[in-house]
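Below is one structure, written out as structure tokens; the observations come after it.
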Amino acid sequence: MATAINVNNVSKRQGNVEALKGVNFSVNRGELYGLIGPDGAGKTTMFRLLTTLLVPDEGTVTVDGFDTVKDYEAIRSRVGYMPGRFSLYQDLTVEENLKFFASVFSTTIEENYDLIKDIYAQIEPFKHRRAGKLSGGMKQKLALSCALVHKPSVLLLDEPTTGVDPVSRYEFWQMLHKLKEENITIVVSTPYMDEAKMCDRIALINHGQILKISTPKDIADDFNDALLEVKGENLYKLMLEIRKMRTVKSCYSFGDSLHVTFSETPDTEGFKKELSELGQGGLTITPIEAGIEDSYMKLADE
Amino acid sequence: MILKYLLEKEFKQFRRNPIFPRLMVAFPILIIFVFPWVTTFEVQNIKVTVVDDDNSTLSHRLTHEIENSRYFNLVGAEPSYQLGLADVEKGTADVVLDIPRDFEKNMIRRSGSNIQISANAVNGIKGNIGSSYLNAIVAQFATKIASEHGLKVQPAVNVITQNRFNEYLDYKKFMIPALITMVLILLCGFFPTLNIVSEKEIGTIEQINVTPVGKASFIIAKLIPYWAMGLIVFTVCFFLAWLTYGFAPQGNVLLIYLDAVLFIMFMSGFGLVVSNNSATMQQAMFVMFFCIMVFILMSGLFTPIHSMPQWAQDIAFFNPPRYYIEIMRSVFLKGSNFMENWFSYMMLAIFDLLINFWAILSYRKQS
């Protein structure tokens, strides 16, 4: 399979922060690739390097076989970029924005209508509305349409689902899967671990370094420690108590529960008894399968 | 042609801006119909309090003379000088005229008397000009009285002032070109700067930067609308000035436009330098404001450069608007030709080259 993106030992300083430290990865053509990491991990810097907006301090980046420093002009007509922040013209209407971005790429809406049809059809009823007056989900669809209107071979989406409701997020990922069928390479970043499993492959990134690259399934499977999910009345106090325990390796809060790993095979009943004696009430403890987030926490910890 | 689409977009955005199109209409109206009347250097309506210790026919005549002058309003008479000063402190009077006891007697018998004028100089111009107007009236009055009584008037040099190029010292003739300058600074300096920085702030520039749009087209598309609007407002203002006040340029109109175009190029180039180095509208706004204050105050727009101290004149040498204003006044009021202003034109052209070169150097799509 041909390589669409190749990032080779890239480092980049942003002010006093080393945003990226010796990053290596490559994306295959037609792949849906996820960059997963928390805020400040270096995801946006990576996108700005891929879109030729930044020049790497060290290493090389190629997109579609073109070097981002030497052949940046060739890259600019081949990539579609959707920045993390909504950055279309708020005082132009939906249709005008789309027309404008089509014309700066020397094309027309009609020419590539097939590609954007499914997405654009959803916002077409509002095509005379100013972009600034759209809801979050519609803005995101418009931005995606604008990024696709020139039929790019590589689509770069920086946190496209941040600030979008769960239904729209789900729809958005469905759209990405459809685009994948058109053989468009897609790189998407997200801070949401639950979205990671929608990708073909993911790179876990933290503090400017890649922790692991694999398929979402392999990453979850690689987690070989036994994992217990603990629920209780006072989660915060519970977490502090558990972390004090000698046999406990890690304990992280996951919304309404805690995920706990042990340095030796855990005795679930004994563990529960120990906690009850410490005055914790309403305890339910269940062994669970590890998810990507568990792997991420473990890798970030090491 | 990408430039065409970019321009189309700029004009659309301009039209939809809730404020800019209104400003375009407001500018010429304010400049021609409002500002010339309020930026007057002529001092009128000076409030005078008379302290008449003499209370004679002559002192009454003098008071009457002042009352009839179009520059003064007689606001009251006080019995003592102290009370007159109190009026100044309260702000009800600007000038106190103290006519001493035996004014009439001394005037007629000895052909001389002293009169005291005390002016409030908190507003320096008003105080200064007010007291000299009053001086002139009193002097005229004294001459008249002397000749009425057949007394010898001391022969004096009679000075006749002739104001060339602006015969009646009409400050409007002087102010209108200056006010139009301010509009060019605003339209061609401020607006494009803020426009570019706002694209930075909103993030749209990032989307544009990843398209094949070249930086030159992007910037030129930002400038052309404001150049056009600058020249339109410029033309409308001069046309209105001609209609309303009958001011017509004495010199070649093309020379005035050449001057305006050179100046517009400088202002927009300067605006680009500022916008390239600012991250937010606020930064750009304050930097522009600061620089424009220096530009205006050191340009001879309101105060003559030759009356500034030498060091300030040296700084003004490097102030481009100064050359623009020099050309404007000499062509508009005096009808000078190109050769008489070649140095100013050359200086403007040099500044244009320097600032636009700097603007290109400081604009980066990548970092």
Side-chain angles (χ1 to χ4, degrees), chain A residues 12-15 44-45 47-57 63 68-70 72-93 95-97 99-108 130-132 142-143 146-147 149-150 152 154-156 158, chain B residues 1-24 191-192 194-222 224-226 276-281 362-367:
Chain A
K12 178 72 188 173
R13 292 191 77 82
Q14 294 270 62
T44 298
T45 305
F47 275 102
R48 295 174 61 84
L49 283 164
L50 290 171
T51 49
T52 75
L53 290 172
L54 288 179
V55 174
D57 294 339
V63 177
T68 53
V69 181
K70 274 182 290 183
Y72 66 92
E73 277 173 349
I75 294 176
R76 283 180 185 165
S77 53
R78 278 177 170 76
V79 301
Y81 174 44
M82 193 174 144
R85 198 156 57 124
F86 180 71
S87 49
L88 300 176
Y89 292 98
Q90 316 237 4
D91 42 4
L92 295 185
T93 65
E95 196 181 24
E96 284 166 345
N97 264 300
K99 259 197 186 142
F100 174 72
F101 282 101
S103 48
V104 295
F105 282 102
S106 318
T107 179
T108 58
R130 303 225 174 140
L142 176 60
C146 288
V149 73
H150 60 290
V154 176
L155 188 58
L156 303 167
D158 188 8
Chain B
M1 189 59 182
I2 285 177
L3 191 60
K4 189 188 139 227
Y5 298 114
L6 289 171
L7 279 174
E8 207 177 296
K9 183 208 95 188
E10 290 303 326
F11 277 110
K12 251 181 217 159
Q13 287 187 300
F14 184 88
R15 264 212 324 273
R16 285 187 195 161
N17 190 298
I19 294 163
F20 288 180
R22 291 176 199 182
L23 281 183
M24 288 285 292
F191 280 22
L194 295 183
N195 189 318
I196 290 171
V197 180
S198 86
E199 290 230 11
K200 266 191 194 176
E201 212 172 58
I202 300 167
T204 44
I205 204 163
E206 193 157 302
Q207 193 87 59
I208 289 289
N209 280 349
V210 296
T211 67
V213 172
K215 61 178 174 184
S217 330
F218 179 72
I219 297 236
I220 287 174
K222 289 274 173 220
I224 288 177
Y226 295 105
N276 288 339
N277 293 300
S278 325
T280 63
M281 296 257 268
S362 59
Y363 179 74
R364 279 179 309 249
K365 254 174 112 167
Q366 290 184 318
S367 54

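Just so it is clear: chains get the letters A, B, ... in the order the sequence lines come, proteins before strands, and each one is counted from 1. Note that the coordinates shown come from a computational prediction; the quantities given were computed from them, not determined experimentally. Heavy-atom basis, side chains included; hydrogens, waters and symmetry copies ignored.
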*asked:* Are the side chains of B:Thr211 and A:Phe100 in contact, using a 4.5 Å heavy-atom criterion?
replied: no
*Between the side chains of B:Glu206 and A:Tyr81, does any donor sit under 3.5 Å from an acceptor?*
yes
*Where is the tightest heavy-atom contact between B:Gly203 and A:Ser87, given as atom of each residue plus distance?*
O-CB, 3.1 Å
*Got B:Ile202 and A:Phe86 here, is their nearest side-chain heavy-atom distance under 4.5 Å?*
no
*Taking every heavy-atom pair that is under 4.5 Å apart, which of B:Leu6, B:Thr204, B:Asn17 has the most such pairs with chain A?*
B:Thr204
_Quick check: closest heavy atoms across B:Ile2 and A:Ser103, and the distance to 0.1 Å?_
CG1-O, 4.3 Å
*Identify which part of B:Ile205 has an atom lying under 4.5 Å from any heavy atom of chain A, answering side chain, backbone, both or neither.*
neither
_Residue, of A:Lys99, A:Glu96, A:His150, that accumulates the most heavy atom pairs under 4.5 Å with chain B_ = A:Glu96
*Counting distance only, does the side-chain N/O of A:Arg76 pair as donor-acceptor with the main-chain N or O of B:Asn209 below 3.5 Å?*
yes
*Between CZ of B:Arg16 and CG of A:Leu92, what distance do you get to the nearest 0.5 Å?*
6.0 Å
*Let me know which of A:Thr51, A:Leu156, A:Ile75 forms a side chain to side chain contact (heavy atoms under 4.5 Å, CB included) with B:Val210.*
A:Thr51
*Answer with side chain, backbone, both or neither: which region of A:Phe101 has an atom nearer than 4.5 Å to a non-hydrogen atom of chain B?*
side chain
*Would you check if B:Glu199 and A:Tyr89 make a side-chain contact, meaning some heavy-atom pair closer than 4.5 Å?*
yes
